[in-house]
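The model shown is predicted, which means the values in this text are computed figures rather than measured ones. We use all heavy atoms of the structure for the numbers below, so side chains are in, but hydrogens, waters and symmetry mates are not. Below, chain A is the first sequence line, B the second, and so on; all start at residue 1.
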Amino acid sequence: VFGGRQGQRPPVGNPTSIVCHGLMDKAGVSFPEAHLDARAMADLAVSGSEVLGFDTLMPEYSVVQEAAALGAQVDWGDRDKMPDVKVFPNPDFADIVIPKDFLEKPSCRVVLDAISILRHQVGGRVAIIGKVMGPWTLSYHMAGTQNFLLALGMGEKAKVTKMLRQLMPVTIAFINAQFCAGADIVVLADHATGNLIGPYHYEEHLLPIHQEITAQVWSFSLDRGWTVTTSNGRSTPGKPYAASEMKSPWSAISTTRKLYCKGRPKMFINRRGMRSRPGCTSSHRSAPSRLPRPLRTCGPSSKRPWKVIEALIERYSIRRYWVFSYRP
Amino acid sequence: MRDPKMTDILETIKEMVVSGKFNGIEAEVQRAVDSGTDLNRLINDALISAMDIVGKRFADSEIYVPEMLVSAKTMKLGLDIIKPLLQSGEAEHRGTIVMGTVKGDLHDIGKNLVTMMLEGAGFRIIDLGVDVKIEDLIDTAKKEEVDIIGLSALLTTTMPEMQNVIEALEEAGLRNQVKVIVGGAPIDQGFADKIGADGFGADAVEAVQLARKLIAESH
C-alpha cells in the first residue's frame, strides 16, 4: 500500500468504522450528512488519520449504501443512530432488478466520490479502505434479516440461491468501482456471522458465491488493492472456514487459467512459479511457460506461492504488479 | 398412569417442533385436540418441552438461528390452534415479561429469539420492538403488571442505555416490583452486575432459565 516504503514503526490500520461523537466534533462533520455528502464523508474519514493517527482511513460508515441504491427505504439516522432499512423491497423474494445506473445512484456515488477526494488528498500517505456489502448482507437488506434466515431454515434453497446470485453482480461492480475510484483496500462485509448461521450454511450457500466474486474481481493490485472479507462463518473444530484456511477463496493468491483484468499487464505468474504473457487485456487463457532454471532454484518451493512471486518480482524488477485469485 | 396413545401424540408433536416440520403441525395439533388430549399437557409436554430441546441444541451449536426460527414458527402455529380453546384462567401464565431492544439499537434477531422461546415457555410477552424509549418501558411496566423487563443490545454504544432503564425504574418506584434481565452480544455477567441488573442470559436458553428462576423466587 505504501509503495514498499518501510517506516519507523508498523503501520496501524482499522478496517471498520471508527466514528464517535468526539471524532464528529473534531472533524466538524456529523451523521447523517457524512453518509450522504461526499465532502463530508471524506472529511470525517480523514479525521481517522489526522486525529486518531491511524495509517488507514475508511470513508463509508453505514451498511446500507447499496441497499438504498437498490430501492430499499432507508432511515439515514442521526448523530446518535446509524442508518437502517425501514422497508425491505423484496420480502417475497421476487426477482431483483439491478438498475443500470446502480453506481450512479446517490448513495453509491457519494462513496465513490469520497474515495476519489481522499485519493487526491492523502493518497500514497494513508491507505484508503473501501467497503462493499456482500450478497448475504444485501439479502438481509432486501428481504429482511429474519425473513431471509427463516427461508434458509425452511430449506427454501432455490429462493436463497436466487437472491444471492442476483445480488452478486452488485458486490462485484461496487468493489471494482471503489478500486477504480482510488481505494487501496476494499473490505467485503458479508454478515454470515457465526452467531446466526453455521459452517454448513456458509459452505452450501455462500462459499461458492465468494469464490465467484474472488474470480471476477479484477483489480487485486498489491500496491493498490487488497480485498479482505469479514465473513467466514463460524470456525468450529473440524470445520474451519477462516480466511487463513486455503479452503476459503480469500486466502488464495495466485494466477491461473482464467483472468479478468483491465490495463496491460506484461506478465502473468502463477502459484507454481510459471509465467506467461497475456493474450489480450480482458481475459487470458494462454499456457504459461516455465521459468528459467536459475530463478526456480533460487525461489522457494511451490508450496509457498507468495515467496515464488516475491522472487520473480525481484528477479524482473517488477515495480507494479497485480495478484489475482483463482477460480477453483 | 400415562395413556400410551396420548404419549405418542405428544411425542409426535414434540418431534415435529424439534425438526421444524411446520407444514403438518396444525393438522397434528388439531388431531390431538379432537382426540381429547389435555390442552395444558399439549402445551407443556409437547410444545414447550420441544423448545427446551431446540434451545439446548442451539446452545450446543448443533443448530443455528435459521433452524431455531423454523422450530419457533412451528411451535407458534401449534399454539395458535390451542390458545383460543383455553378457557379464561385455564392457561398457565408463568409471568409477564416486556421485551425490547434499547434505544438507539435496531438489532432484533436475538431479542426475537428470546421472545419466541419465552413465549414457548409459557410466559406472557409484550414485545416493544427495537429502539425502545425508556418512557415506553416504564409506562408498560406500570400498566401491564410486568414481572420482568428483558433488555437487548448488540452495540457497545447502546449498552449504557440498560443502566438508564434501571435508574428510571428506581426513580419511578418500580424497581422492587420489576426484575431486569439483560442480554446481547457485548453483554456479560460482569456488565449485568455492574449496572445492577437481576440477571444475564448468554443465549435464549439461558434467558428462559433465568426468567423461570426469577419468577419462582418472586412468588
Among all residues two or more places apart in sequence or in another chain, which pass the side-chain hydrogen bond (donor to acceptor under 3.5 Å, both in side chains) test with B/Lys111?
-> B/Asp127
Salt bridge (Lys or Arg N to Asp or Glu O under 4.0 Å) evaluation trace for A/Lys81 with B/Asp105 | CA-CA 8 Å; A/Lys81 194 169 80 173; B/Asp105 203 318; over 6 Å; no
Nearest-0.5 Å distance that lies between atom NZ in B/Lys103 and atom CG in A/Asp80 | 6.5 Å
Taking all atoms of both residues into account, what is the closest heavy-atom pair of B/Pro66 and A/Leu196, and its distance?
-> CD-O, 3.1 Å
CE on A/Met154 to CG on B/Leu69, rounded to 0.5 Å | 10.5 Å
Determine, stepwise, if the pair B/Val70 / A/Leu150 fulfils side chain to side chain contact (heavy atoms under 4.5 Å, CB included).
-> CA-CA 6 Å; B/Val70 179; A/Leu150 190 59; 3.9 Å; yes
Enclosure of B/Lys21 NZ (heavy-atom neighbours >12, cutoff 6.0 Å) | no
Tell me, do B/Ile109 and A/Leu149 make a side-chain contact under 4.5 Å, heavy atoms counted?
-> yes
Would a 4.5 Å heavy-atom cut-off, applied to side chains only, mark A/His201 and B/Glu67 as touching?
-> yes
Are B/Leu106 and A/Met82 close enough that some pair of their side-chain heavy atoms sits under 4.5 Å apart?
-> no
Checking heavy atoms, do the side chain of B/Asp131, its backbone, both or neither come under 4.5 Å from chain A?
-> side chain
B/Lys73 versus chain A, the contacting section by heavy-atom distance below 4.5 Å = side chain
